[in-house]
Asker: 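First, the structure itself, so that you have it in front of you.
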Amino acid sequence: MADNQYDAIVVGSGISGGWAAKELCEKGLKTIMLERGRNIEHVKDYVNATKEAWDYPHRGRATQQMKKDYPVLKRDYPLNESNLDYWVNEKESPYTEIKRFDWFRGYHVGGRSLMWGRQSYRWSDFDFEANAKEGVGIDWPVRYREIAPWYDYAEKFAGISGNRDGIPQLPDGQFLPPMDMTCVEKDVSARIKEHYKGMRQMVIGRVANLTVPHEGRTNCQFRNKCWLGCPFGGYFSTQSSTLPAAMKTGNLTLRPWSIVTRVLYDKDKKRATGVEVLDAETNKTYVYTAKIIFLNASTLNSAWILMNSATDIWPDGLGSSSGELGHNIMDHHLGVGASGIVDGYEDKYHFGRRANGIYIPRFRNLFGDKRDYLRGFGYQGGGLRQGYNRSAEEVSIGVDLKEALTEPGHWTMNLGGFGETLPYHENKITLDKTKKDKWGLNILAIDVEYKENEKKMRKDMKDDAIEMLEAAGVKNVKGREGDGTLGRGIHEMGSARMGKDPKTSVLNKWNQVWDAPNVFVTDGSFAVSSSCVNPSLSYMAFTARAADHAVSELKKRNLG
């Protein structure tokens with residue numbers, strides 16, 4: 001067997017794994033990044049990036065066979081013909097649903113950084129302080145002022161376009177020029193701000209799409225084909241950003257088809273020594289050793305690795321001494337909102353396919369507002385003019401239909417809520433030792449649901465959306481109460497929360513496993529609460545911070 005010793009091991013190659021590899025390599029560490037799935041090379045392997053609907057056998061839509069083969073993915077929008085191979089083969093990698101949980105996964109180099117929605121927001125002290133003030137879960141061991149410099153650092157490299165809006169609950173950042181709102185969005189935004197005296201605001205989304213060339217990457221081309229992989233590097237992904245930076249150092253080894261099955265632990269030194277890897281193609285087992293290990297396999301999979309790393313000291317897994325490993329699973333609950341028609345503007349249309357929308361930051365349970373539930377929600381959405389694919393109700397066939405569809409339809413305005421889910425200890429994952437995947441490994445059992453607090457919040461999420469649109473003059477407003485099943489937010493968090501006390505948390509404030517301080521977990525696993533804004537920018541910031549701390553501790557010989 002070849003020399004498998006490195007300075008650092010990074011498990012996973014998605015948003016946080018790519019950042020870990022970049023930071024560790026740039027700091028001089030010989031690093032191997034282990035990815036359980038196939039390699040996808042930037043540009044070369046984006047095979048559908050320039051295709052249109054008519055280039056696919058079924059116009060890009062899901063077939064009956066696809067629905068049969070992907071029973072989980074078919075529950076929402078991800079199932080389609082255009083990027084099917086970016087999603088996990090559910091027959092090879094099943095999971096057990098004790099309660100329904102829509103787990104949408106991407107096992108390949110880049111992970112879900114290739115398919116993410118790219119909305120990028122900072123969390124504020126309203127988020128970091130909430131648990132302590134309300135007596136929920138445990139307190140975050142950090143505050144915004146500690147993370148703010150790392151948000152700066154992450155934004156400057158990743159390239160986040162947005163506007164500095166001066167909203168306390170949504171801190172401003174280091175932004176590239178913002179994208180423009182449509183004429184309808186500008187009008188609705190102004191009316192909402194006026195009606196609510198500035199207490200509610202609609203702003204352009206802060207998104208990891210470039211509006212100017214940045215870090216050797218070309219700006220967004222407004223094609224809105226992001227989840228096919230961008231050959232221009234117009235949005236942040238591992239392939240476009242962190243992986244090239246890591247490779248440039250000469251310190252990175254990338255090994256795809258590498259399923260990390262467990263972390264190896266030396267109980268005498270009280271340190272991890274490396275990881276065990278199952279080659280997904282040959283089924284051969286390898287061991288890689290390193291001084292530090294970063295787990296970035298995604299929230300549920302990083303916990304799976306820790307749970308599968310049981311020893312005679314910790315039979316429930318490495319990091320399980322607090323009893324919190326695998327618990328406190330969170331996601332954002334959505335599917336609630338409203339939409340309507342905006343009169344006028346018949347002489348205007350929107351041009352290009354803006355890969356972004358609007359955002360309304362949280363306003364509930366802030367600044368004197370008090371509800372019968374905790375926390376709050378924000379909205380994403382947009383104001384666009386209906387196109388050729390709308391339903392032309394007045395005609396249904398023939399020449400009249402064709403002529404109707406050559407003209408644009410009404411302007412519409414849509415709002416969709418993203419609500420915070422509280423960290424419930426009983427929302428958990430465990431190893432299902434009765435079922436195995438293609439490689440003979442025990443699979444995860446997921447027992448997660450949203451509860452009364454979220455149910456009460458969802459009523460406001462719908463009613464407030466209706467109220468705001470009507471206040472802004474939108475007509476024929478209709479609310480919707482869709483499926484709020486957790487998982488479909490694709491913002492899994494929790495499972496290995498950080499904290500101040502090893503008796504109540506899995507990680508310390510630097511993302512180190514209390515039981516093995518040379519193991520760092522910097523994907524969504526570390527979250528102590530979930531906020532209501534998208535979490536990926538926070539993963540970037542915390543990962544860069546943890547890598548800096550890891551190298552500092554390594555130089556002090558505290559991790560050897």
Side-chain angles (χ1 to χ4, degrees), residues 12 14-16 62 67 69-80 83-84 86-107 111-117 119 227 297-304 307 326-337 375 377 380 416-432 435 437 443-451 453-455 457-458 461 481-497 523-527 529-536 539:
I15 284 178
S16 64
K67 293 176 182 178
D69 293 339
Y70 293 83
V72 175
L73 206 60
K74 77 175 184 181
R75 297 173 184 173
D76 206 358
Y77 72 92
L79 185 61
N80 73 97
N83 70 347
L84 184 62
Y86 281 8
W87 301 98
V88 164
N89 184 317
E90 295 175 19
K91 293 180 179 178
E92 294 180 354
S93 301
Y95 65 100
T96 298
E97 294 177 277
I98 297 175
K99 295 186 179 75
R100 178 176 162 180
F101 187 91
D102 297 351
W103 193 15
F104 303 147
R105 297 162 285 168
Y107 292 168
R112 289 178 300 193
S113 78
L114 287 177
M115 302 101 81
W116 68 308
Q119 292 292 295
W227 73 344
S298 79
T299 294
L300 305 188
N301 282 320
S302 288
W304 179 90
M307 289 188 287
H327 291 268
N328 313 297
I329 305 299
M330 298 167 284
D331 183 31
H332 292 138
H333 60 99
L334 44 142
V336 184
R375 313 296 164 91
F377 50 87
Q380 297 179 31
F418 281 68
E420 177 167 356
T421 301
L422 295 179
Y424 303 105
H425 178 79
E426 59 271 27
N427 276 354
K428 66 183 186 298
I429 53 175
T430 54
L431 294 180
D432 184 344
K435 299 177 184 177
D437 64 12
I443 65 175
L444 277 178
I446 304 179
D447 186 0
V448 175
E449 64 182 353
Y450 65 82
K451 300 181 185 293
N453 192 75
E454 292 73 38
K455 291 176 182 177
M457 184 188 298
R458 291 174 72 77
M461 289 166 71
E481 171 71 54
D483 190 339
T485 300
L486 295 182
R488 59 178 48 196
I490 323 183
H491 295 159
E492 311 99 83
M493 288 171 270
S495 83
R497 70 184 182 189
D523 53 25
S525 307
F526 70 81
S529 63
S530 64
S531 178
C532 66
V533 302
N534 306 54
S536 294
Y539 302 166

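Keep in mind that what you see is a predicted model, and the values were worked out from it rather than measured. For reference, positions follow the sequence shown, starting with 1.
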Asker: Can you establish whether the number of heavy atoms outside K435 located under 6.0 Å from its atom NZ is more than 12?
Answerer: no
Asker: Does any part of the side chain of S529, heavy atoms only, come nearer than 4.5 Å to the side chain of R375, both counted from C-beta?
Answerer: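 Yes, side chains in contact.
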Asker: Do R105 and W103 meet the cation-pi criteria used here (NZ or CZ under 6.0 Å from the six-membered ring centre, within 45° of the axis)?
Answerer: yes
Asker: Is there a donor-acceptor pair under 3.5 Å between the side chain of D76 and the backbone N or O of P78?
Answerer: no
Asker: Could you walk me through whether I329 and T421 pass the side-chain contact (heavy atoms from CB on, under 4.5 Å) check?
Answerer: CA-CA 9 Å; I329 305 299; T421 301; over 6 Å; no
Asker: Kindly indicate whether the side chain of E449, heavy atoms from C-beta on, has any atom under 4.5 Å from the side chain of N427.
Answerer: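 Yes. Closest side-chain heavy atoms under 4.5 Å.
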Asker: Is the shortest side-chain heavy-atom distance between R458 and E481 below 4.5 Å?
Answerer: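 With C-beta onward as the side chain, the pair touches.
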Asker: Go through the steps for L486 and H332 under the test side-chain contact (heavy atoms from CB on, under 4.5 Å), then give the verdict.
Answerer: CA-CA 7 Å; L486 295 182; H332 292 138; over 6 Å; no
Asker: State the CG-OH distance between L79 and Y70, to the nearest 0.5 angstrom.
Answerer: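 If we round to the nearest 0.5 Å, L79:CG and Y70:OH are 8.0 Å apart.
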Asker: Any heavy-atom pair between the side chains of N328 and Y424 that's under 4.5 Å?
Answerer: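 Sidechains of N328 and Y424: no contact.
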Asker: Do R100 and D447 pass the salt bridge (charged side-chain N to carboxylate O under 4.0 Å, His left out) test, and can you show the C-alpha distance, the side-chain angles, and the key distance before you say yes or no?
Answerer: CA-CA 8 Å; R100 178 176 162 180; D447 186 0; over 6 Å; no
Asker: Are any non-hydrogen side-chain atoms of E454 and L422 less than 4.5 angstrom apart?
Answerer: yes
Asker: How far does CE of M493 sit from OG of S525, to the nearest 0.5 angstrom?
Answerer: 11.0 Å
Asker: Are L444 and T430 side-chain neighbours, meaning at least one heavy-atom pair lies under 4.5 Å?
Answerer: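 Side chain of L444 against side chain of T430, heavy atoms only: no contact under 4.5 Å found.
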Asker: State, with a plain yes or no, whether a side-chain heavy atom of E97 is found less than 4.5 Å away from one of I446.
Answerer: no
Asker: Regarding E426 and K451, does a basic nitrogen lie under 4.0 Å from an acidic carboxylate oxygen?
Answerer: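 A salt bridge is present here (some side-chain N lies under 4.0 Å from a carboxylate O).
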Asker: Taking the inter-plane angle between the rings of W87 and W227 on a 0 to 90° scale, is it parallel (under 30°), tilted (30 to 60°) or perpendicular (over 60°)?
Answerer: perpendicular
Asker: Check the pair Y450, D331 against side-chain contact (heavy atoms from CB on, under 4.5 Å), reporting the backbone distance first and the verdict last.
Answerer: CA-CA 9 Å; Y450 65 82; D331 183 31; over 6 Å; no
Asker: Can you confirm whether the side chains of S302 and D523 place a donor and an acceptor under 3.5 Å from each other?
Answerer: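 A pair is found: one side chain offers a donor N or O, the other an acceptor, under 3.5 Å apart.
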Asker: Counting N and O atoms only, with roles assigned by atom type, does the side chain of R75 sit under 3.5 Å from a partner on the main chain of R488, one being a donor and the other an acceptor?
Answerer: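 Checking the backbone N and O of R488 against the side chain of R75, no donor-acceptor pair under 3.5 Å is found.
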Asker: Show your reasoning for whether side chain to side chain donor-acceptor pair (under 3.5 Å) applies to N301 and Y107.
Answerer: CA-CA 11 Å; N301 282 320; Y107 292 168; 2.9 Å; yes
Asker: Side chains of W304 and L431: closer than 4.5 Å at any heavy-atom pair?
Answerer: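 Contact flag for W304/L431 side chains = yes.
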Asker: Passes side-chain contact (heavy atoms from CB on, under 4.5 Å), H333 versus M461? Steps please.
Answerer: CA-CA 10 Å; H333 60 99; M461 289 166 71; 3.4 Å; yes
Asker: Does one side chain, of S536 or N534, offer a donor that lies under 3.5 Å from an acceptor on the other?
Answerer: no
Asker: S93 and D437: side chain to side chain donor-acceptor pair (under 3.5 Å), yes or no, with the steps?
Answerer: CA-CA 5 Å; S93 301; D437 64 12; 5.3 Å; no
Asker: Would you please test E90 and K74 for salt bridge (charged side-chain N to carboxylate O under 4.0 Å, His left out) and show each step?
Answerer: CA-CA 11 Å; E90 295 175 19; K74 77 175 184 181; over 6 Å; no
